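This report refers to the structure that appears directly beneath it.
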Protein chains: 2
Amino acid sequence: MKKITIKEVAKEAGVSIGTVSRVFNDYPDISEETRKHVFEIANKVGYSPNLAARALSSKRLKTIALVFNDLVYQPKYTFPMSILNGVLDYAESQNLEFAFYAITTQKQKEKTYEQFCSERDVTGVIMQGLHQNDPYIEQLKTTRVPTVLIDMPVNDNQCVGSITTDNVTAAKDAVDVLIKGGYKNIDMMNGTYDATVSILRERGYKKALTDAGFEVNSSLIQYANYDEQIANLMAKQALQQNPTIDAFFCASDIMALGVLQALKDVGKKVPADVGVIGFDGLDLGAYVSPALSTVAQQPYEFGREAGRLIQELTDGPQPETTIERHVPYNLIRRETTR
Amino acid sequence: MKKITIKEVAKEAGVSIGTVSRVFNDYPDISEETRKHVFEIANKVGYSPNLAARALSSKRLKTIALVFNDLVYQPKYTFPMSILNGVLDYAESQNLEFAFYAITTQKQKEKTYEQFCSERDVTGVIMQGLHQNDPYIEQLKTTRVPTVLIDMPVNDNQCVGSITTDNVTAAKDAVDVLIKGGYKNIDMMNGTYDATVSILRERGYKKALTDAGFEVNSSLIQYANYDEQIANLMAKQALQQNPTIDAFFCASDIMALGVLQALKDVGKKVPADVGVIGFDGLDLGAYVSPALSTVAQQPYEFGREAGRLIQELTDGPQPETTIERHVPYNLIRRETTR
DNA sequence: GTGAAAGCGCTAACAG
DNA sequence: CTGTTAGCGCTTTCAC
């Protein structure tokens, strides 16, 4: 394909390239006449300013990037797609230049966060899927690149904000549902023990128990790595060691699915014998039977909020203090709880 | 953040920027000594070549783009994410520069396909979600930009290839399952009447019927726009008008879900009274009960194949003839068919 | 083997 | 209001 550059347009329109540039950048001091004429010609020859050139020569082209870390092929886990949709829609609504990138922990080791950003001229990034020990976590403490972390707390750097569900409260609410349902021996099927959300949800679980006057029994907490199969196995094992367990609070819906299957496998009735509540609000949960009770997060809103925040961070003044925003969650009571 | 440019590295290393550039571009005529030295310095100061500048000055930086058209927020529909994963993994494995973009039919009207591509310096694009009447469809007939279409036939332009499931055969296979199950009055819940895949799947449906010696009755075909709710309504209506219907072939799993619900609503037993088979192979189908029989496409493989093909198209010689590749599908018999 | 210099397409002073 | 020109950061001849 033949590239149409600003020169072609300038020549064709009989003006200088400077003028064409001004027209395309909405400079005020251009006669209405030439503006129109230039646009006409540009349209005729099919001209579109090259973004790379623009980024190079201008200091004011802003592009915000959404970056997913360690995105693995897991179709059931629809969170990333929802987040993507959210920031996409927001970027679109604000006419922001948007870019998407996928990285891995490995890549983080090969290139620093600042390098990654300067390489691609991003002015702000929305980051999802970072792990506790990723190299970028450390670098994020001192970076000057406006960043918003999704589902991960920030390290008091004013440049970086965060968007999360209030995991502690949400988890407590979920466990409260179980408690109010009359379940007495509530197990927690947690994810990875060192993930922030796991820690927070576990805190909520314990708080609910304590507040209700129950004992917290650490043998009633398993870590199934957010994996359906492992959760299935661990649930069976827990049930065997602790036959009095009559409810499971799962740190993710995917694990809840595994637990539900385990219950089916060992012949327990849900929600009569044992109650189950998940976390996330995947659509999947509404289709299984019995339908899964859960605390639904709003990943699409995460995306929108993240977009809003990154825009504030890149355009507005430096905030006085680190910004952490919660997006609301919904307790959904379906058929796995009484 | 302070940008580290090639200049810094050159100065620090005591060589010219040309040399640094050569080192980073693996030119052979560089002494091993300076090569090492330059890399060392670059590493020390945290230098990473700027991609925009690179794209501008070099004619050989290739970046392939995955573009989704009219991506709407539909978490149940996990196809796009799977495709994304597939091309991401392929691009990663081949070290291809990758970019993702979302467009809309509206945007297609504002900017031509060539403009879109030259604006962002893409050398090849993988396109998903195009509709029959989108402006780009017409422009794709004559474009010189290597393109691969997912789930859409090509218009004999050697620059553009396509990756699809063999929809006709797959649909026929699905209907054959129904026929072999002894169902006699098979309804087809199709999507939009003018989408290519709809047309193809309908063709397969008719072929299966004809081959089996059945009549094709067009009043037994509905168009539910690939929507769960609409499918639900239409199924009920079809059943009312045609009480002898004893099976539904659905052009998508999402619609099959709606049909299943409709059957539940009117008290029909599945698969005893009526059989249902879907199309797509969403994970969701495995969790509903009765579990949905379906023909599973492999969207992740679509992504990988598309990556492979776009690479051939951009690197290899122009193919003699338009390339259309099928990726295999799997007939999954679960509980909604006998 | 390596430096110097001419662009790549565009923006942003600086004149006029 | 508009033309001219100096870069932006990098690649790529062309010399030496």
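Treat the numbers as computed from the prediction; the structure is a model and nothing was measured.
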*Counting N and O atoms only, with roles assigned by atom type, does the side chain of A:S93 sit under 3.5 Å from a partner on the main chain of A:A91, one being a donor and the other an acceptor?*
no

*Go through the side-chain N and O atoms of A:R304 and A:N85 and say whether any donor and acceptor fall under 3.5 Å apart.*
no

*For A:E119 and D:dC10, give me the distance from atom CD to atom P, rounded to whole Å.*
10 Å

_Nearest whole Å is fine: how far is D:dC10 P from A:R54 CZ?_
21 Å

*Is it the case that B:D70 and B:T105 place a side-chain donor and acceptor less than 3.5 Å from each other?*
yes

_Length of the line joining A:I30:CD1 and D:dT2:P, which is rounded to integer Å_ = 5 Å

Under 3.5 Å, which N/O atoms of the protein pair with N/O atoms of nucleotides 12-16 of chain D?
residue : atom : partner : partner atom : Å
D:dT12  : OP2  : B:Y27   : OH           : 2.8
D:dT13  : O4   : B:R22   : NH2          : 3.1

_With a 3.5 Å distance limit and no angle check, can you tell me whether B:T314 reaches the backbone of B:Q311 through a side-chain donor-acceptor pair?_
yes

_Going 5' to 3' along DNA chain C, between which two nucleotides do contacts with chain A fall, using a heavy-atom cut-off of 4.0 Å?_
C:dC8 to C:dA13

*N/O (side chain, A:T34) to phosphate O (OP1/OP2, D:dC1) under 4.0 Å*: no

_Distance-only side-chain donor-acceptor flag, A:T143 / A:E114, under 3.5 Å_ = yes

*Cut-off 3.5 Å, side chains only: do B:Q158 and B:T322 have a donor facing an acceptor?*
no

*If you look at every strand shown and take non-hydrogen atoms under 4.0 Å, does A:V20 touch a base, only sugar-phosphate, or nothing?*
nothing

*Indicate, with yes or no, if the rings of A:F68 and A:F100 have centres closer together than 6.0 Å.*
yes

*Starting at atom CD1 of B:I6, determine the distance to atom C1' of D:dC8, rounded to an integer number of angstrom.*
13 Å

*B:Q108 side chain to B:Y136 main-chain N or O, any donor-acceptor pair under 3.5 Å?*
yes

*Rounding to a whole Å, what distance do you find between B:L56:CG and D:dC8:P?*
14 Å

*Atom pair distance, as rounded to whole Å: CZ in A:R120 and P in D:dG9*: 18 Å

*Could you state the CG-P distance from B:L51 to D:dC8, rounded to the nearest angstrom?*
19 Å

*What nucleic acid atoms does B:N50 come within less than 4.0 Å of, heavy atoms only: base, sugar-phosphate, or nothing?*
sugar-phosphate

_Just by distance, no angles: are the side chains of B:T196 and B:Q132 close enough, under 3.5 Å, to form a donor-acceptor pair?_
yes

*Please state how far atom CG in B:D26 lies from atom C1' in D:dT11, giving the value in whole angstrom units.*
14 Å

_Bending between helix ends of the helix from C:dG1-D:dC16 to C:dG16-D:dC1 [5 pairs per end, 10° resolution]_ = 40°

_Assess, by modelled atom type and distance only, whether the side chains of A:Y47 and B:S118 contain a donor and an acceptor separated by less than 3.5 Å._
no

*Sub-6.0 Å ring centroid separation between B:F24 and B:F39*: yes

